[in-house]
Amino acid sequence: MSGGQNEKRRHHYVPVFHLSGFTKKDNRESPLFVFNTETGSQFESKPERIGFERDLYTVDLPDVQPDAIEDVFADLEDKTAPVVRTLCETLQLPDGDDYNFLMNYIALLEVRTPIRRRIFADFMEQVAKITLQEVVATEERFEGTRQRMAADGQEVPKVSYQDLRDFAFEERYTVSFDNNTHVRNVLDTMDAVLHPLGARNWSVIYSPETLGDFICSDHPVSLHWLEEKERGFFSSPGHGRLDTEVTVPLTSRVLLLGRFQPFMPKRIILKSRLHLAYLNSYSSMNCERFIFSRKEDFVWFSRENKVADVSDFRRIIAEDLKRSKKP
């Protein structure tokens, strides 16, 4: 396989141009620091070498190229990159088509990550298992399902009611979905979150270099409640909830914050490391595994309710690992 083809199989869920904003020199050839939140280790890398999985958006459809969806995503990235660059230079939100490109890009950035894929797969697996258990809840229901399958011309499995019931309730199996299903879910979910993202009012937040850097993660779009309180079963925020906000770090200097509040400042210059730490904590809490930063050290707001740095992050990870190994 040629180098070009091999590169095309690297499907970035955090685009190279986005990661470039967190490198030492703000370009794709410059390195950035990658912090592993599972182990506390840290290493340097370049944007093209991280934030991707092979064949993540490959599809298998008649008369469609396998990379068709990846090409569509790449086209959106190409249109959005100059919009983001201008936004970061002027600290002004775009309008018109450029605003639409930006909102579509944020929507895609929110739903295309591997953690979203795994959440969808876990949910659908549970639905499939519950559905099968419903089918074999009674022998009458089992026989009725077999009859409907036969009437529809479907192949009826040659398995007894008791064997299938044991199989269903012992749950000694897994359910998997092909890439077409996952890609269709990305596109459907992108459509679902796009409207509420576009309806938010956005602030461009700038962090001076003397104050410190914004960080990014392997799941860059953070959705969180405006007010932390006990919400019981409905504890996860939704994009349409009015009492939520969205943060999107674009570079180490610039972050977007979106709320449904009618009067949001168009531009905010941070003056407090505490505020920077709060915003960075949304990225650190929302990550699956990796945090990306321009410098080896960064500030965040820890669960100990203080402004912390990378050494505190490592200490807390080590304490958690030690507790997890206790019998």
Side-chain angles (χ1 to χ4, degrees), residues 13-15 17-18 21-22 76-77 79-113 115-116 186 189-207 213-229 231 234-272 274-287 292 300-301:
Y13 49 89
V14 185
F17 92 83
H18 198 117
F22 298 88
L76 176 59
E77 294 167 17
K79 289 182 170 67
T80 308
V83 175
V84 170
R85 184 163 54 249
T86 301
L87 184 159
C88 293
E89 291 172 353
T90 63
L91 302 185
Q92 292 182 346
L93 282 169
D95 55 18
D97 288 342
D98 286 349
Y99 182 79
N100 288 333
F101 288 142
L102 181 63
M103 289 300 107
N104 275 271
Y105 173 71
I106 293 174
L108 178 58
L109 202 60
E110 160 72 320
V111 303
R112 72 190 294 185
T113 57
I115 183 63
R116 287 295 187 207
V186 168
T189 311
M190 180 181 173
D191 282 343
V193 304
L194 178 58
H195 177 73
L197 283 172
R200 291 179 185 267
N201 292 307
W202 294 88
S203 295
V204 179
I205 303 181
Y206 177 79
S207 178
D213 300 328
F214 289 122
I215 59 175
C216 188
S217 81
D218 51 10
H219 188 63
V221 180
S222 300
L223 171 68
H224 35 270
W225 298 108
L226 284 171
E227 180 184 357
E228 289 296 330
K229 63 181 180 181
R231 290 180 169 82
F234 300 100
S235 59
S236 297
H239 276 279
R241 291 294 301 262
L242 299 181
D243 50 348
T244 61
E245 66 180 5
V246 172
T247 54
V248 190
L250 297 179
T251 71
S252 59
R253 301 270 69 82
V254 178
L255 175 144
L256 289 180
L257 184 148
R259 294 178 178 176
F260 288 111
Q261 295 175 355
F263 302 106
M264 289 284 290
K266 297 297 184 182
R267 180 189 306 174
I268 300 173
I269 309 297
L270 291 185
K271 298 180 179 179
S272 165
L274 176 62
H275 293 155
L276 174 62
Y278 272 132
L279 292 169
N280 277 346
S281 290
Y282 294 139
S283 293
S284 64
M285 289 187 298
N286 200 54
C287 81
F292 312 117
W300 61 292
F301 196 76

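Not measured: the values here are computed from a predicted model. What's counted below: heavy atoms across the whole structure, side chains too, no hydrogens, waters or symmetry copies.
- Going from atom NZ of K79 over to atom CD of E77 covers 11.5 Å, rounded to the nearest 0.5 Å.
- Distance OG/S283 to CZ/F292: 11.0 Å, rounded to 0.5 Å.
- N100 contributes atom CG, which lies 10.5 Å from atom OG1 of T80 (distance to the nearest 0.5 angstrom).
- Within the 4.5 Å cutoff, no side-chain heavy atoms of E110 are placed close to those of T189.
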Considering only distance and modelled atom types, tabulate donor-acceptor pairs under 3.5 Å from the side chains of residues 84-94, sequence neighbours left out.
unit_1: T86; atom_1: OG1; unit_2: P82; atom_2: O; d: 3.0
unit_1: T90; atom_1: OG1; unit_2: T86; atom_2: O; d: 2.8
unit_1: T90; atom_1: OG1; unit_2: Q92; atom_2: N; d: 3.3

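- In this structure a side-chain-to-backbone donor-acceptor pair under 3.5 Å is missing from H18 to A81.
- The heavy-atom pair separating C287 from S217 by the smallest distance is CB-CB, 3.3 Å.
- Closest approach of S284 to W300, counting heavy atoms only: OG-CE3, 4.3 Å.
- Summarising the geometry of L109 relative to P15, their closest heavy-atom pair is CD1-CD, 3.7 Å, with the distance given to 0.1 Å.
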| task | Quick one: do N286 and T247 satisfy side chain to side chain contact (heavy atoms under 4.5 Å, CB included)? Show the steps, please. | result | CA-CA 10 Å; N286 200 54; T247 54; over 6 Å; no

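- For the pair R241 and W225, the minimum side-chain heavy-atom distance is below 4.5 Å.
- Side chains of F214 and L270 form a contact here, defined as non-hydrogen atoms less than 4.5 Å apart.
- Note that OH of Y99 and CG of N104 are 11.0 Å apart. Values are rounded to the nearest 0.5 Å.
- For Y13, there are no ring pair (Phe, Tyr, Trp, His ring centres under 6.0 Å) partners two or more places apart in sequence or in a different chain.
- At a threshold of 4.5 Å between non-hydrogen side-chain atoms, the residues V246 and V221 count as touching.
- Side-chain atoms of N280 come within 3.5 Å of backbone N or O of I215 as a donor-acceptor pair.
- The distance from the CG atom of L250 to the CG atom of L255 is 7.0 Å, given to the nearest 0.5 Å.
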Using distance only, find each side-chain donor-acceptor pair of residues 193-207 under 3.5 Å and give its atom names and separation, not counting sequence neighbours.
unit_1: R200; atom_1: NH1; unit_2: T244; atom_2: O; d: 3.1
unit_1: R200; atom_1: NH1; unit_2: G258; atom_2: O; d: 3.3
unit_1: R200; atom_1: NH2; unit_2: H239; atom_2: O; d: 3.1
unit_1: R200; atom_1: NH2; unit_2: T244; atom_2: OG1; d: 2.8
unit_1: N201; atom_1: ND2; unit_2: Q261; atom_2: O; d: 2.7
unit_1: W202; atom_1: NE1; unit_2: L197; atom_2: O; d: 3.1
unit_1: S203; atom_1: OG; unit_2: P265; atom_2: O; d: 2.4
unit_1: S207; atom_1: OG; unit_2: G212; atom_2: O; d: 2.7

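- Note on ring orientation: taking the six-membered ring where Trp is involved, the planes of H224 and Y282 are parallel (angle under 30°, cut-offs 30° and 60°).
- Contact check for L257 versus L279: side-chain heavy atoms found under the 4.5 Å cut-off.
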